[in-house]
Structures are given as structure tokens and as C-alpha cells.
*Asks:* 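This is the structure I want to talk about, given as C-alpha cells.
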Amino acid sequence: DITRYSVIQFKATDVSATVCGLQSIFQEQEMTENVHDSEGHGYLATFVGKNGRFAILRMHSHGLVTFDLQFLEGDDVAQVDNLLNALEKKLKALLDGNIQRIKRLPALIRGSDVDRYWPTADGRLMEYDIDEAVYEKNSAYQNIKILHSRQFGNMLILNGDVNLAESDLPYTQAIMGSGKEHYAGKEVLILGGGDGGILHEAVKLKPKMITMLVIDGCRKHMRKTCGNVLDNLKGDCYEILVQDCVPVLKKFAEQGRTFDYVINDLTAVPISTAPEEDSTWEFLRLILDLSIRVLRPGGKYFTQGNCVNLTDALSEYEKLLCRLSCKVDFSKEMVCVPSYMELYPF
């Protein structure tokens, strides 16, 4: 169904008189009113109309009116807009000079074939221009979705989190050092990065060897991101190991194998420092510790952070860097990742 929202803020006035003045609007729309007990918190009523329309009108005594109108796909949108227009016009007349703000929000579409709403890391809801579900599968490790956005191209979504879209070259460039590094002749370790973007860009820079540890890969539906590098597990200067990275990192450390660059694209910094995130923090600490053990002296470690608004979590991560087994210097760069629609630190 489709829900349109109107929000009106006004100076406190006679709620009952305002409600009476609105009755004619709903009668004209043949909507039946049902008043609910709000326990002294203003006025609350629901309205049921023809064609499956359902509305909630709430008037708070402190001066806020919210009106939510739900209707089904295929309903006459012009009639719906006429109802909202009539309601706003009547309220302006009834609350003459007292209205401080009117805001009509875009419709929220629920139950459609393609899910277009995905939250940011800090809990804000984003509506994407998604028009097709390209692929979905539950692997042994995670739920994988690839949805097509008219603006961002194919988008990889892992366990409900927007991971990377074909538009997101700035992400890949940032997690590789934003063009400031010299990879030629160097040995590189990539952790994760199953979209293939990092590997695709890294092989262009003529490194000596790239080792990539990954559990899932997107070879078919993210071609604009990965090119053809995921078509084979071995290339002239790279090898892809489809394995859990933790035991492999431990083996590398025991063997004394080291790298000039470690690029960690496994997981973002947890969204909070709450107890329910403890397991993710522990995994992050483990990967950091193992990565430092396989990093050559003077080598560099690159990773993503998380939404720039998650200041407490990002601060905790910086404290974690200061508590590593050896002293490290670190820097960060803020980058706008197109499909994230937010600033992201790397």
C-alpha cells in the first residue's frame, strides 16, 4: 500500500473546534470516523473510506497535527491529492494566522515487488530508485542481494546493508589510498572485497602479486565494478583464495609471510559500542592484530570506517589503533560514496 504523510505545526488552540471544522472534509470523501481514547493527549481518530483508504488524524494539545493516509496501488491519485489539498486549505482557514509550518512528505510505498528502502548506518531511512531485483541468494555466510538502481547501477546488499554499487569507484579509490600509493612491484593482501572492485583497480597498478581472501564473490552481476578479474581464481599478478581469512592469516603469520599493503574490506566499524556489538568488535580486533603481524615494517593497512555521524564508534576504533601490539601512525580521509548518500571515513 501507499502512505502519504502531512505534518502541520501550529500554536496551541481549541482542538475540539478545529476537529468539528474538519468533519465536512471526511464526509465529502465518504470516510467513516472512529474516535479513540487518547487519555488526555489531544484528539485521535481513524477514518475508513472507499477503495480501501485508511487515515489517521492526530491533533496534539501542544500544537502538532499529523495526518497519515493509506491507499492501495491503483487508487485515483488525483483524488488522494485533492483530499490532502482540501484538508490543508481547511486547516489554514480554521487556524487563521496560527500555523507555523506545513510539510507534506512523499509517499511511502510498502509491499512492492522490489524493496527500495534501505537505512543508513546511523538509522536514517533512504529511498532508492530501485527498479529491479537482479539476484538474491543465501550463501553459507550471508544473505546476498543485487538490486538495480537507475542512478547507481547494480547495488550489492549484504545482510540488509548497502555494500557497494557500480557507481562507487570513489569507495574503491579511497580504500586503496586515493591514488597516492605506489603499488608497482609490491605485494598486496586483500581481505574480503568480493565485489571485485579493489582487485580490478589494483591489477592496473602492476603489483608484484595480489593475494585475495574472500568467501563470496560477485562475478556476474557487478561487471562494471570487477571487470573480468573474478572470472579466474588466478591471473598474471593475482590469486584468489576462497577461504575464511582468519585461519589463512594465522598460517601466513606462522610462516613469516608478509605484505607491503593489507587492504581490509571485510566489515565496517560497528555502529556502536553497545554490548550487542561486542562480537563484531572482537572480530575487528582479531583482524587488526593478524594484519599487523603479516604487514612488513613500513607497510600500510587500509580499511573503511563507518558513517561519519557515528562519532562514538569511530572514536573507539581510533583508541583501538592506539592499543595495538606495536605503535602505528594513522590518518583518515572523508569520502562521499555515491550509493551510501553519506560521508564515509577511510
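Note that the coordinates shown come from a computational prediction; the quantities given were computed from them, not determined experimentally.
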*Asks:* For Glu39, does the CD atom sit with more than 12 other heavy atoms under 6.0 Å from it, leaving out its own atoms?
*Replies:* no
*Asks:* In terms of side-chain geometry, is the basic nitrogen of Arg104 or Glu88 positioned less than 4.0 Å from the acidic oxygen of its partner?
*Replies:* yes
*Asks:* Of all residues at least two apart in sequence or in a different chain, which pass the side-chain hydrogen bond (donor to acceptor under 3.5 Å, both in side chains) check with Glu28?
*Replies:* none
*Asks:* Can you name the residues that form a ring-ring contact (aromatic ring centres under 6.0 Å, His included) with Tyr238, not counting sequence neighbours?
*Replies:* none
*Asks:* Which pairs count as ring-ring contact (aromatic ring centres under 6.0 Å, His included) when at least one residue sits in residues 202-223, sequence neighbours excluded?
*Replies:* Tyr135-His221
*Asks:* Heavy atoms, side chains only, cut-off 4.5 Å: are Met126 and Met341 in contact?
*Replies:* yes
*Asks:* Do Leu310 and Glu316 pass the side chain to side chain contact (heavy atoms under 4.5 Å, CB included) test, and can you show the C-alpha distance, the side-chain angles, and the key distance before you say yes or no?
*Replies:* CA-CA 10 Å; Leu310 299 175; Glu316 180 63 27; over 6 Å; no
*Asks:* Please identify each residue that fulfils side-chain contact (heavy atoms from CB on, under 4.5 Å) with Glu254, with sequence neighbours left out.
*Replies:* none
*Asks:* Is there side-chain contact between Thr46 and His36, with at least one heavy-atom pair below 4.5 Å?
*Replies:* yes
*Asks:* Report the residues that fulfil side-chain hydrogen bond (donor to acceptor under 3.5 Å, both in side chains) with Thr211, sequence neighbours left out, ordered by chain and then residue number.
*Replies:* Arg257
*Asks:* Which residues satisfy the side-chain hydrogen bond (donor to acceptor under 3.5 Å, both in side chains) test with Glu333, sequence neighbours excluded?
*Replies:* Ser178
*Asks:* Aromatic rings Tyr340 and Tyr344: how do their planes relate, parallel, tilted or perpendicular, breaks at 30° and 60°?
*Replies:* perpendicular
*Asks:* Under the ring-ring contact (aromatic ring centres under 6.0 Å, His included) rule, collect the residues that match up with Phe47, sequence neighbours excluded.
*Replies:* Phe26
*Asks:* Considering only NZ, NE, NH1 and NH2 on the basic side and carboxylate oxygens on the acidic side, decide whether Asp236 and Lys234 come within less than 4.0 Å.
*Replies:* no
*Asks:* How many angstroms lie between atom CD1 of Ile130 and atom CZ of Arg116, to the nearest 0.5 angstrom?
*Replies:* 8.5 Å
*Asks:* Just wondering, do Phe302 and Asp265 contact through their side chains at under 4.5 Å, heavy atoms?
*Replies:* no
*Asks:* Any luck finding a side-chain donor-acceptor pair between Arg219 and Asn232 under 3.5 Å?
*Replies:* no
*Asks:* Would you say that Glu239 contacts Met212 through its side chain, given a criterion of any heavy-atom pair below 4.5 Å between the two side chains?
*Replies:* no
*Asks:* For Asp113, enumerate each residue passing the side-chain contact (heavy atoms from CB on, under 4.5 Å) test, keeping only those at least two apart in sequence or located in another chain.
*Replies:* none
*Asks:* Not counting sequence neighbours, which residues clear ring-ring contact (aromatic ring centres under 6.0 Å, His included) with Phe152? List them please.
*Replies:* none
*Asks:* Test of understanding: with side-chain contact (heavy atoms from CB on, under 4.5 Å), list the residues that count as partners of Asp129, not counting sequence neighbours.
*Replies:* Ser149, Arg150, Gln151
*Asks:* Looking at side-chain heavy atoms only, is the closest gap between Tyr128 and Tyr117 below 4.5 Å?
*Replies:* no
*Asks:* Side chains of Arg53 and Val48, heavy atoms from C-beta outward: is any pair under 4.5 Å?
*Replies:* no
*Asks:* Same cluster for Val80 and Phe54 if Ile/Leu/Val/Met/Phe/Trp/Tyr side chains link at under 4.5 Å?
*Replies:* no
*Asks:* Looking at Glu127 and Arg110, is any side-chain nitrogen of the basic one under 4.0 Å from a carboxylate oxygen of the acidic one?
*Replies:* no
*Asks:* Do Asp76 side-chain atoms and Gln79 backbone N/O form a donor-acceptor pair below 3.5 Å?
*Replies:* yes
*Asks:* Between Asp289 and Arg293, is any pair of side-chain heavy atoms under 4.5 Å apart?
*Replies:* yes
*Asks:* Residues two or more places apart in sequence or in another chain: which of them pass side-chain contact (heavy atoms from CB on, under 4.5 Å) with Leu321?
*Replies:* Leu288, Tyr317, Leu324, Phe330
*Asks:* Looking just at side-chain N and O atoms, do Asn159 and Asn143 make a donor-acceptor pair shorter than 3.5 Å?
*Replies:* no
*Asks:* Can you tell me how far CD1 of Ile215 sits from OG of Ser139, rounded to the nearest 0.5 angstrom?
*Replies:* 6.0 Å
*Asks:* Supply the atom-to-atom distance Lys89 NZ to Ile25 CD1, rounded to the nearest 0.5 angstrom.
*Replies:* 9.0 Å
*Asks:* Mind running salt bridge (charged side-chain N to carboxylate O under 4.0 Å, His left out) on Lys332 and Glu318 for me, showing each step along the way?
*Replies:* CA-CA 10 Å; Lys332 56 187 174 183; Glu318 292 186 9; 2.7 Å; yes
*Asks:* Identify all side-chain donor-acceptor contacts of residues 187-205 below 3.5 Å with residues at least two apart in sequence or on another chain.
*Replies:*
| residue | atom | partner | partner atom | Å |
| --- | --- | --- | --- | --- |
| Glu187 | OE2 | Arg296 | NH2 | 2.8 |
| Asp195 | OD1 | Gly197 | N | 2.8 |
| His200 | ND1 | Cys226 | O | 3.4 |
| Glu201 | OE1 | Lys204 | NZ | 3.3 |
| Glu201 | OE2 | Lys204 | NZ | 3.2 |

*Asks:* Under 4.5 Å between any side-chain heavy atoms of Cys326 and Ile292, yes or no?
*Replies:* yes
*Asks:* Would you call Glu342-Arg124 a salt bridge at under 4.0 Å N-O?
*Replies:* yes
*Asks:* Are Tyr261 and Tyr301 close enough that their ring centers fall under 6.0 Å?
*Replies:* no
